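Values below: every heavy atom of this structure, side chains too, minus hydrogens, waters and symmetry copies. Model, not experiment: these values are computed from the prediction.
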Amino acid sequence: MAGLLLAAGSGSRLGRPKALVEVGGERLVDRGVRTLAAGGCAPVLVVLGAADTSVRGALTVLNPDWATGMGSSVRAGIDALPDTVDAVLVALADQPLVTPEAVRRLLRVHAQGARAAVATYAGNPRNPVLLGREHWSTVHAMAVRDVGARPFLRTYSHLVTTVECDDVASPEDIDTTEDLVRVSGMIDGH
């Protein structure tokens with residue numbers, strides 16, 4: 001099970017690339033890679049774009065089309081997955097409250113036979129998303145502009161296993177300075 005961290009955006013509303021933003025003394029990109037690896041994903045790939053940086057513990061994929069939106073990063077990441085990988089868990093760098101336990105829960109349903117799964121919070125599908133190899137070409141074709149796996153999850157909902165993660169994670173994302181302050185406070189325990 002590979003892990004794929006999408007971290008290519010410029011963070012236009014934040015004023016700097018989210019991958020390089022620090023929360024709890026750790027860059028978002030490093031926290032995301034650590035979360036995927038600790039949850040059981042190997043290898044871990046990270047898609048970069050606006051910020052080309054080294055990331056320990058991950059294979060980096062540069063997305064030259066990052067400015068067109070998240071869809072191009074999903075496609076670049078899928079294209080870079082090794083032939084030996086049967087499934088991928090896709091996560092977003094700007095959601096630092098996703099935990100290794102949320103990743104493990106998705107991996108467990110995969111081990112029980114699920115070929116597509118999504119973490120849910122209060123019943124709403126968010127991230128991370130698990131995709132078996134047979135779904136990659138469909139997701140690849142549907143990932144355009146600033147849309148990742150959401151169209152696939154909606155169109156093929158009958159194939160997707162939902163995994164409640166409210167008790168172990170949060171989909172809170174960092175888009176603005178206010179989000180950064182709020183989420184950092186949640187991480188620091190304030």
- Query: Yes or no on side-chain contact (heavy atoms from CB on, under 4.5 Å) for V74 and H140, after CA distance, side-chain angles and deciding distance?
  - Reply: CA-CA 7 Å; V74 169; H140 193 285; over 6 Å; no
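- Applying the side chain to side chain donor-acceptor pair (under 3.5 Å) test to every pair with at least one member in residues 53-64, sequence neighbours left out, gives these pairs: R27-T53, N63-S72, N63-S73.
- For E178, the side-chain hydrogen bond (donor to acceptor under 3.5 Å, both in side chains) criterion is met by T176, not counting sequence neighbours.
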- Task: Kindly determine whether V88 and V90 satisfy side-chain contact (heavy atoms from CB on, under 4.5 Å), including the steps that lead there.
- Result: CA-CA 6 Å; V88 64; V90 182; 4.2 Å; yes
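- Sorted by first then second residue, the salt bridge (charged side-chain N to carboxylate O under 4.0 Å, His left out) pairs that include residues 87-100, not counting sequence neighbours, are K18-D94.
- S184 places no side-chain N or O within 3.5 Å of a backbone atom of V181 that could act as its donor or acceptor partner.
- Here Y121 sits in one hydrophobic cluster together with V98; the rule is ILVMFWY side chains under 4.5 Å apart, joined directly or through other members.
- The closest side-chain heavy-atom distance from L59 to P43 is below 4.5 Å.
- Every pair passing salt bridge (charged side-chain N to carboxylate O under 4.0 Å, His left out) that includes a residue from residues 2-15 is listed here, sequence neighbours excluded: R13-D175.
- Within the structure, the salt bridge (charged side-chain N to carboxylate O under 4.0 Å, His left out) test picks out the following pairs touching residues 96-108 (sequence neighbours left out): E101-R104, E101-R105, E101-R108, R105-D167.
- Counting heavy atoms from C-beta outward, L6 and L4 have side chains that approach closer than 4.5 Å.
- Taking a 4.5 Å side-chain heavy-atom cut-off between Ile, Leu, Val, Met, Phe, Trp and Tyr, the cluster of L106 extends to M1, L5, V29, V33, L36, V44, V46, L48, V55, L62, L89, V103, L107, V109, L130, V163.
- Residues passing the side-chain hydrogen bond (donor to acceptor under 3.5 Å, both in side chains) test with T161: none are found, sequence neighbours excluded.
- Distance alone, capped at 3.5 Å, places no donor-acceptor pair between the E172 side chain and the V183 backbone.
- Listed by first and then second residue, the side chain to side chain donor-acceptor pair (under 3.5 Å) pairs that reach into residues 31-47 are E26-R34, sequence neighbours excluded.
- Residues in residues 41-50 take part in no salt bridge (charged side-chain N to carboxylate O under 4.0 Å, His left out) pair, two or more places apart or across chains.
- Residue pairs satisfying the side chain to side chain donor-acceptor pair (under 3.5 Å) criterion with at least one member in residues 122-137, sequence neighbours excluded, are listed as follows: R115-E134.
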- Task: Evaluate the side-chain contact (heavy atoms from CB on, under 4.5 Å) criterion for residues F152 and V129: first the C-alpha distance (whole Å), next the side-chain angles of each, then the deciding distance (0.1 Å), finally the verdict.
- Result: CA-CA 11 Å; F152 172 85; V129 174; over 6 Å; no
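- Here S157 pairs with nothing under the side-chain hydrogen bond (donor to acceptor under 3.5 Å, both in side chains) rule; sequence neighbours left out.
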